[in-house]
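Take a look at the structure below.
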Number of protein chains: 2
Amino acid sequence: MPGPRNWRCGHQGYFSRWTVPREAILDLLKRTSKHMSAKEIYTAIYKFYPGIGLTTVYRTLDLLVRMGLINKLIFGPGESRYESKSGEKKKTHYHFVCTECGKIIDYDDFIDKDLELIKRTEDILSKKYDFKVLDHNLTFYGLCKNCK
Amino acid sequence: MPGPRNWRCGHQGYFSRWTVPREAILDLLKRTSKHMSAKEIYTAIYKFYPGIGLTTVYRTLDLLVRMGLINKLIFGPGESRYESKSGEKKKTHYHFVCTECGKIIDYDDFIDKDLELIKRTEDILSKKYDFKVLDHNLTFYGLCKNCK
DNA sequence: AACGATAATGAAAATCATTTTCAATAATAA
DNA sequence: TTATTATTGAAAATGATTTTCATTATCGTT
């Protein structure tokens, strides 16, 4: 069944028509383990659906982010990258980024302690600064084994 | 004494002349507690040094980042922001970013536990993935007290 | 203190990622 | 099957940053 589960009756005002490009982009991101940029997604879809436009890719990615189906990753200057929250990578994870070659490694080892700490920090700081925490980012930068 | 300490004899190949714009930009960042964008820095310097160019601001910020004197902060799409590592804010700290109004709060409370955990994570993961960790980013996103 | 080599500068143009505009297309309700 | 209009794609616009290049100013040498 195509589209987000129950889209026929419950797409919650995010969209009104589930289209071929939307299905193709969501499906691609669910199947890949990579962290793809808009242009990479465009190129991949273009191979089997040459009618695709880069503008539509950007618009669809924005929609999927708002729907909470994918994450937008901003590791530094240049292109943003996207990953699905379901499919290939459903577990919460963080990232290593190689500043030399751009390689990205997902890690979810020992993440319980990380999450515990982050929860604690959120609690303390939301009280102290009266700040409602909605999201966070923990990323490590360095050199991968090929570049160091 | 202007410039990075000992620049006369020890600027380590980063530059060969310490100029008025460089001094002005580094000085501004040392004195402010804000996280300023290139354009904001340009506007601030322009008030007392109207000869300044935005290009020079970008070039100088890049130099200071490479020298390790300032941090470049990328919180999301749009402008990058910069903060001095010495002066106003010498302690290691992390950030809260309000996604509504853009307000940024520095925090360094309870950061010892954060740092300890991050150190441990770095150790474990650099072994497992053979990755040399050089830097990391921990940022919280949400709504500040005025926006929530 | 002035000179000279050249590093650094600033204005304008170029670039890159992303967003907007708008006429054409296609998804869905009737 | 048709009609409505949300969605699309191409092209233009935008915003942040980088590059180009002729001019300027720093600082080692005189």
Side-chain angles (χ1 to χ4, degrees), chain A residues 1-4 6-26 35-43 45-67 70 72-82 102, chain B residues 1-4 6-26 35-43 45-67 70 72-82 102:
Chain A
M1 182 192 290
N6 301 326
W7 66 270
R8 271 174 199 285
C9 49
H11 36 65
Q12 301 151 320
Y14 287 116
F15 64 88
S16 51
R17 294 173 189 175
W18 191 250
T19 63
V20 173
R22 287 175 182 182
E23 177 64 15
I25 292 166
L26 180 58
H35 309 78
M36 301 182 80
S37 70
K39 208 172 287 174
E40 285 168 356
I41 293 166
Y42 168 80
T43 304
I45 304 275
Y46 186 90
K47 283 177 184 147
F48 61 90
Y49 185 71
I52 192 75
L54 184 56
T55 308
T56 299
V57 173
Y58 276 108
R59 277 190 291 231
T60 301
L61 291 169
D62 183 61
L63 172 69
L64 298 176
V65 169
R66 279 185 285 109
M67 292 178 75
I70 66 174
K72 179 175 186 172
L73 309 171
I74 300 178
F75 292 130
E79 301 168 295
S80 295
R81 296 187 167 271
Y82 300 84
Chain B
M1 182 193 289
N6 301 327
W7 66 270
R8 268 173 202 286
C9 48
H11 36 64
Q12 303 149 317
Y14 287 115
F15 63 88
S16 51
R17 295 171 189 175
W18 190 250
T19 64
V20 173
R22 287 174 181 184
E23 176 64 15
I25 292 167
L26 181 58
H35 310 78
M36 300 181 80
S37 69
K39 210 172 285 174
E40 285 168 355
I41 292 166
Y42 168 79
T43 303
I45 306 273
Y46 186 90
K47 285 178 182 144
F48 62 88
Y49 186 71
I52 192 76
L54 184 55
T55 309
T56 299
V57 173
Y58 276 108
R59 277 189 291 230
T60 301
L61 291 169
D62 182 61
L63 173 70
L64 298 176
V65 168
R66 278 185 285 110
M67 293 179 74
I70 66 174
K72 179 174 186 172
L73 308 172
I74 300 177
F75 292 130
E79 300 167 296
S80 296
R81 297 187 167 271
Y82 300 85

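No hydrogens, no waters, no symmetry mates; every other heavy atom, side chains included, goes into these values. Numbered from 1 within each chain, the chains take letters A, B, ... in sequence-line order.
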* **Step-by-step side-chain contact (heavy atoms from CB on, under 4.5 Å) determination, B/Ile25 to B/Tyr42** => CA-CA 9 Å; B/Ile25 292 167; B/Tyr42 168 79; over 6 Å; no
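In this entry the distance linking OH of A/Tyr42 with C1' of D/dG9 reads 9 Å, nearest Å. The nearest whole Å value for the distance from the CD1 atom in B/Ile41 to the P atom in C/dG10 is 14 Å. For A/Glu23 and D/dT8, the CD to C1' distance is 17 Å, given to the nearest whole Å. Summarising the geometry, the separation between CZ on B/Arg22 and C1' on D/dC27 is reported as 13 Å, rounded to the nearest angstrom. Atom pair B/Ile52:CD1 and D/dT23:C1' shows a separation of 16 Å (rounding to whole Å applied). Separating the CZ atom of B/Phe15 from the P atom of C/dA8 is a distance of 8 Å, rounded to the nearest angstrom. With rounding to whole Å, B/Tyr49 atom OH is found 10 Å from C/dG10 atom C1'. Rounding to whole angstrom units, CG of residue A/Leu61 and P of D/dG9 are separated by 13 Å.
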* Structure fact -> Protein-proximity profile, nucleotides 14-21 of chain C, B/S/- by nucleotide at the 4.0 Å heavy-atom cutoff, equals ---SSBBB
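Within 4.0 Å (heavy atoms only), A/Thr56 reaches at least one base atom of the nucleic acid.
To the nearest 0.5 angstrom, A/Ile45 atom CD1 is 10.0 Å from A/Glu23 atom CD. Remark: A/Phe15 CZ to A/Arg22 CZ distance equals 7.0 Å, nearest 0.5 Å.
Proximity of B/Ser16 to the phosphate of C/dA8: a side-chain N or O atom is located under 4.0 Å from OP1 or OP2.
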Identify each donor-acceptor pair in which a side-chain atom of residues 49-65 of chain B lies under 3.5 Å from a protein atom, sequence neighbours left out, and give them as a table.
residue: B/Thr60; atom: OG1; partner: B/Thr56; partner atom: O; Å: 2.8
residue: B/Asp62; atom: OD2; partner: B/Arg66; partner atom: NE; Å: 3.2
residue: B/Asp62; atom: OD2; partner: B/Arg66; partner atom: NH2; Å: 3.4

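Applying the side-chain hydrogen bond (donor to acceptor under 3.5 Å, both in side chains) test to every pair with at least one member in residues 73-82 of chain B, sequence neighbours left out, gives these pairs: B/Ser37-B/Glu79, B/Glu40-B/Arg81.
Nearest to the side-chain atoms of A/Pro21 among the listed nucleotides C/dA8, D/dT8, D/dT7 stands D/dT8.
Qualifying ring-ring contact (aromatic ring centres under 6.0 Å, His included) partners for A/Tyr14, counting only residues two or more places apart in sequence or in other chains: none.
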Detail all sub-3.5 Å separations between protein N/O atoms and N/O atoms belonging to nucleotides 2-5 of chain D.
residue: D/dT5; atom: O2; partner: A/Arg17; partner atom: NH1; Å: 3.1
residue: D/dT5; atom: O2; partner: A/Arg17; partner atom: NH2; Å: 3.0

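Five base pairs at each end of the helix from C/dA1-D/dT30 to C/dA30-D/dT1 define two local axes, and these are offset by 30° (rounded to 10°).
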